[in-house]
Structure formats: structure tokens, C-alpha cells
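None of the values given here were measured: they were computed from a predicted structure.
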Amino acid sequence: QVQLVESGGKLVQTGESLTLACKVTGIDFSGESLGWYRQYPGQARVLVAAIHPEGSTYKEPSVRGRFSISRDNSQEMVYLHMNNVQLKDTAIYSCNTVQWTSLVPLTNSWGRGTQVIVSS
């Protein structure tokens, strides 16, 4: 059914930028809200950014001013643009569909995620 494939994670230095990508298939992509989550070792996933089909976005306070989220409906891709990365951004990043009003994930089918490691 739903397939989520994240990519783009890598080792970066503090202050640098990178973009994560998520390919989503098996859903009505253009009609779904999408989100990026991150997970620290031993902790649950936390939503860091989400985007509505009409373009409205949500960002978790710790990433406001540094991260942005975008989508390409024609390619069924959602991106997380990470600027001025900090050590606290080190995590496994995953994508999922979200319910816009509550910002909770709509499916328990998660991809493998992509790892971002920030070093000083």
C-alpha cells in the first residue's frame, strides 16, 4: 500500500545546509498533508514540519527559522530543507502522511528513515 522512501541524510557540520527527500506512493499524494518526523536514539518520533495540500506549513518551534518543508505533487515528493543545522538536529528523519487538524500521522507504515549526523 503506502510506500515511504526517505533519502538525503548525511554527515554535515554545524551551520551547513542539506535537503532531505521523501518519495511517497500508494496514496492520493496531492490531497494529503505530509510531515517530517525526527527520532533521537531511544525516543519516539516527533513531528518537525508538515505541509498541507494547499501549501500551509507547520514547523516545530526548535526548527522555526531554520527548516522549511516543500512538496512536488508531480513527482510525489516532499522535502525538508535544513539550514544552519545544529548538533540537536542529529536524528533519524522519517516522513509520513499527517492529519492536518491534529498533526498526527495517518499511517503506521513507516519507511526506514534517513540519518542526519551533525558534527562540530
Tell me if the [atom1] atom of [X] is crowded by more than 12 foreign heavy atoms within 6.0 Å.
X    : atom1 : result
R64  : CZ    : yes
N108 : CG    : no
E54  : CD    : no
Q43  : CD    : yes

Once rounded to the nearest 0.5 Å, what's the spacing between atom [atom1] of [X] and atom [atom2] of [Y]?
X    : Y    : atom1 : atom2 : answer
I69  : L20  : CD1   : CG    : 10.5 Å
L80  : I51  : CG    : CD1   : 11.0 Å
R45  : S94  : CZ    : OG    : 4.5 Å
L106 : T97  : CG    : OG1   : 4.5 Å
L4   : T107 : CG    : OG1   : 7.0 Å
D89  : Y40  : CG    : OH    : 6.5 Å

Looking at every heavy atom in both [X] and [Y], which two are closest together, and how far apart are they?
X    : Y   : result
D72  : Y79 : CB-CE1, 4.2 Å
S62  : K88 : O-NZ, 3.8 Å
L103 : A50 : CD2-CB, 4.1 Å
S30  : N73 : CB-ND2, 3.8 Å
G113 : E6  : N-OE1, 2.9 Å

Any side-chain donor near an acceptor of the partner, S33 and H52, under 3.5 Å: no
ring-ring contact (aromatic ring centres under 6.0 Å, His included) partners of Y93, counting only residues at least two apart: none
V2: which of N96, I27, T25 passes side chain to side chain contact (heavy atoms under 4.5 Å, CB included): I27
Quick one: are [X] and [Y] in side-chain contact, heavy atoms under 4.5 Å?
X   : Y   : answer
F67 : E60 : no
L47 : Y58 : yes
V78 : E32 : no

Single-linkage hydrophobic cluster L34~W100, side-chain heavy atoms < 4.5 angstrom: no
Connected via hydrophobic side-chain network under 4.5 Å: V24 and V48: yes
Qualifying residues under side chain to side chain contact (heavy atoms under 4.5 Å, CB included), relative to L11, sequence neighbours excluded: I117, S119
Salt bridge (Lys or Arg N to Asp or Glu O under 4.0 Å) against K23, all qualifying residues, sequence neighbours excluded: E76
Aromatic contact, Y37 with W110 (centres under 6.0 Å): yes
